[in-house]
Amino acid sequence: MGHSNVFRRSIYLFAAPAFILYIVFWVTPVGMSFGYSLTNWSGVGNNPRFIGLKNYEYLLADGTLLNLVKNTLVYALFTIVYGNIVSLVAALALDRASKLTGVYRTAFYLPTLYSSIVVGFVWGFVYMPNYGFLAKILAAIGIGDPNLLGNSSSSLIAVAFVDSWKAIGMYAMIYLAGLKNVPEDLIESGLIDGCKWRHLVFNIKLPLIAPSITINVVLGLINGMKSFDYVYLLTSGGPGSSSRTIMFGVYQTAFGENLFGKAAAIAVVAFLLIFTLTIFIVHFLRAREVEA
Amino acid sequence: MKRIVTVVLAAVLALGGAWAQDANKPVTVSFMCTARPKTDQKDFYLDILPQLVKEKYPNITVTVDTLPTDQYKSAIKSRLAAEEGPDIFTWWAFGLIDQLAKADYVRDLSDLSFVKSMSPSLLKGFTVDGSIKAVPRGTTFLCVYYNRTLFAKAGIKALPADWPSFLADCKKLKDAGIAPIVAADKDWVHIQYMLYAAASSVLYRDDVDYDAKVISGKAKLTDPKWIEIINKMKTLYDDGYIAKGSLGIGGEQAFQIFNDGQAAMKIDGTWDIGNLTKKGAVDFERGTFSLPTNDAGKSLIMPFSIDSGLAVNKFTKNYDAVKKILEYWYQDGSPLNKAFKASFTPAPPVFGGVSVLPLFADYLGPRKAAQTQYFCNAYWPDGVAQELCVKFQEYIAGMAKAQDVAAAAERKLREIQAQTAGN
């Protein structure tokens with residue numbers, strides 16, 4: 001049974017406004033970024049000069065691009081792995097009915113509601129060497145101050161930890177929603193067959209919440225690849241460039257060095273990287289989803 | 001005849017009325033600056049400026065916006081690129097005003113009556129191709145803020161006049177169990193204060209035109225002088241004179257440490273006087289002096305520069321109102337001028353003197369006889385300072401050498417110059 005021409009025309013007509021907005025505010029700026037990446041536009045004046053692939057050459061020559069991509073991938077990997085493991089454990093715990101379930105769920109979700117500025121500012125004082133909360137706690141138990149943000153080997157992970165801490169509540173809620181959709185009769189069948197708790201989790205619940213895992217992993221990947229807030233607030237990409245991520249690199253190059261063309265080149269690389277990784281991961285995870 | 005005269009008189013009155021209405025037409029003038037607003041008293045820019053302008057010119061309303069420095073620069077440039085932006089805004093001298101002038105974003109203010117009586121050394125920083133592109137607000141300098149109580153406790157009776165005596169005083173403080181210097185090395189902006197303060201007595205000891213040579217390529221940021229500056233500052237870390245864990249300490253935290261009396265010194269500028277004189281855990285008297293990186297027997301050269309000035313947007317539609325405000329602002333003895341002088345520290349010397357604040361006595365006293373020089377980054381394009389300071393962070397962490405720091409800054413300077421050539 002086909003649709004009438006009137007129906008088909010109506011579809012296009014109704015979709016047109018959203019499509020136009022999408023083209024104007026998303027596709028066009030992305031295309032312009034590709035264009036600007038081939039120029040030396042400084043953001044001042046309106047006469048950028050075409051310089052070909054020079055911006056990409058500069059990025060590769062001084063190791064900037066490699067450092068940014070490496071840091072961003074490490075950041076994303078940490079937030080995905082740590083964030084999903086902790087939020088999954090939390091969701092499994094919160095899935096059990098108890099008198100204080102509402103309180104625990106609220107406590108887990110609260111950090112998600114705070115603004116990044118507030119979270120970054122507070123954690124800056126938590127991490128503060130010698131005088132911060134963490135330093136005082138470690139000193140009280142006889143451990144020296146690790147100066148996490150001031151150490152190039154730990155600054156990136158310390159920043160990623162803050163990002164994960166804030167996002168765990170959101171991931172946990174998504175897992176919780178997935179767990180609520182696991183059919184009770186499957187759980188009962190498992191229990192009747194003598195399954196222990198770990199069998200229920202690994203053989204029944206986890207496979208059936210695979211779509212939630214896909215969502216959270218993809219969200220974690222995209223958020224990790226777009227990481228900027230906490231890098232800016234906590235370390236400004238330092239010490240040195242040890243915690244600089246791609247988006248921070250775009251910001252720094254555009255607004256710190258007035259090299260908008262070069263910043264656009266970094267953004268183009270980021271776009272291609274996020275696009276490729278997202279497609280790969282979604283394809284990989286979708287293939288493993290099962291239905292009840 | 002009577003009728004003709006009546007008609008003519010009526011026409012003149014009507015035109016006069018219309019002109020009077022135009023002159024009194026409500027106008028809103030937007031003003032933007034990077035000032036850190038005072039919260040414990042009336043702030044000059046947020047409160048006093050709009051109020052006094054309103055009292056003088058009831059039809060003119062001044063709206064004021066402030067932003068932190070790095071967001072301020074990008075906000076102003078973005079708006080100017082769209083031919084918008086505030087009518088009046090503060091902007092920095094030398095290289096930065098050059099950039100806006102070349103893009104034709106700022107008006108020529110040479111026609112303002114008071115600029116003729118301004119000190120040429122102040123106007124120099126805002127003059128581009130013979131046109132005055134902003135009016136200076138005054139001067140600023142880099143200095144060492146110090147805790148007089150802790151200095152007395154360590155037995156330091158006289159302020160250091162050269163590098164060996166500065167190191168000796170740091171040792172006295174350290175031996176007395178006092179952290180000599182707090183450094184906010186997590187924020188690269190604070191690292192540059194230290195490096196520029198250190199640079200004056202080294203870079204210009206035998207060449208006052210060194211900065212112009214760097215920009216033209218005749219001198220480089222990898223010259224032995226720069227290696228000397230970087231190594232001298234590193235000495236402070238190696239000898240334990242900078243509070244531990246400085247790479248994890250940000251600007252706000254460093255201010256708190258100094259104000260709480262937990263470190264004897266902080267190298268900073270006059271723009272942070274508010275942050276470094278806040279009440280902390282202990283009360284103490286503060287002073288300032290110029291960081292002496294000159295060798296024994298050599299002259300101290302003090303980093304004394306021009307503070308940001310007031311620029312006028314080329315695209316403003318309210319230039320008449322803007323001109324009235326600026327003339328009122330700089331009219332000697334006017335209420336706005338008096339309020340401005342009272343709020344600005346140190347007081348702009350163009351108005352006949354420098355600050356009498358006791359805080360600056362130890363700095364401004366020697367200044368009378370000493371050679372002064374603008375900050376070394378005056379003509380650097382944006383990006384060079386950050387690269388220098390970020391690489392210096394790696395040097396502090398032991399991941400780079402002094403030569404790497406200098407090379408990174410030199411590479412960035414030449415890259416930006418190559419990219420922006422011909423724009």
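This one's a predicted model, so the numbers in the text were calculated from it and none came from an experiment. Chain naming here is simple, since letters A, B, ... match the order of the sequence lines and numbering starts at 1 in each.
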**Study point:** Heavy-atom side-chain proximity of A:L259 to A:W41 below 4.5 angstrom
**Key:** no

Check your understanding: Does B:T90 offer a backbone N or O that forms a donor-acceptor pair with the side chain of B:Y72 under 3.5 Å?
Key -> yes

**Study point:** Donor-acceptor contact present, side-chain B:K174 to main-chain B:Y241, <3.5 Å
**Key:** no

Practice item. Against chain A, label B:Q99 side chain, backbone, both or neither, depending on which of its atoms sit under 4.5 Å from a heavy atom there. Key: both

Revision key, fill the gap. Bottom line for A:L148: the part with an atom under 4.5 Å from chain B's heavy atoms is neither

Exercise for review: Could you tell me which portion of A:Y58 (side chain, backbone, both or neither) has an atom closer than 4.5 angstrom to a non-hydrogen atom of chain B?
Suggested key: side chain

Practice item. Please look at A:K262 and chain B and tell me whether the side chain, the backbone, both or neither of the residue comes under 4.5 angstrom of a heavy atom of that chain. Key: side chain

**Study point:** Note: B:D404-B:K391 ion pair, threshold 4.0 Å (strictly below)
**Key:** no

Check your understanding: B:I257, B:V384, B:I396, B:L80: which one forms the most heavy-atom pairs within less than 4.5 Å of chain A?
Key -> B:I257

Review point. Knowing that exactly one of B:K412, B:Q417, B:R411 qualifies, which makes a side-chain contact (heavy atoms from CB on, under 4.5 Å) with B:E415?
Key: B:K412

Revision key, fill the gap. Checked A:G261, A:G240, A:G150 vs chain B; the most non-hydrogen pairs under 4.5 Å come from A:G240

Exercise for review: Check step by step if salt bridge (Lys or Arg N to Asp or Glu O under 4.0 Å) holds for B:K73 and B:D382.
Suggested key: CA-CA 10 Å; B:K73 281 183 182 174; B:D382 277 341; 3.4 Å; yes

Check your understanding: For the side chain of B:Q393 and the backbone of B:D185, is there at least one donor-acceptor N/O pair under 3.5 Å apart?
Key -> yes

Exercise for review: Measure distances from A:Y131 to the heavy atoms of chain B and classify the residue's part below 4.5 Å as side chain, backbone, both or neither.
Suggested key: side chain

Practice item. Go through the atoms of A:F260 and report whether side chain, backbone, both or neither lie under 4.5 Å from a heavy atom of chain B. Key: neither

Revision key, fill the gap. Counting heavy-atom pairs under 4.5 angstrom with chain B, the leader among A:N258, A:L149, A:N151 is A:N258

Point to revise | Exercise: identify the closest heavy-atom pair between B:F255 and B:D268 | key: CE2-OD2, 3.5 Å

Exercise for review: Examine whether an atom of A:T235 lies under 4.5 Å from a heavy atom of chain B, and if so say whether it belongs to the side chain, the backbone or both; otherwise answer neither.
Suggested key: backbone

Check your understanding: Quick one: of B:A408, B:G248, B:G383, B:A418, who has the most non-hydrogen atom pairs under 4.5 Å with chain A?
Key -> B:G248

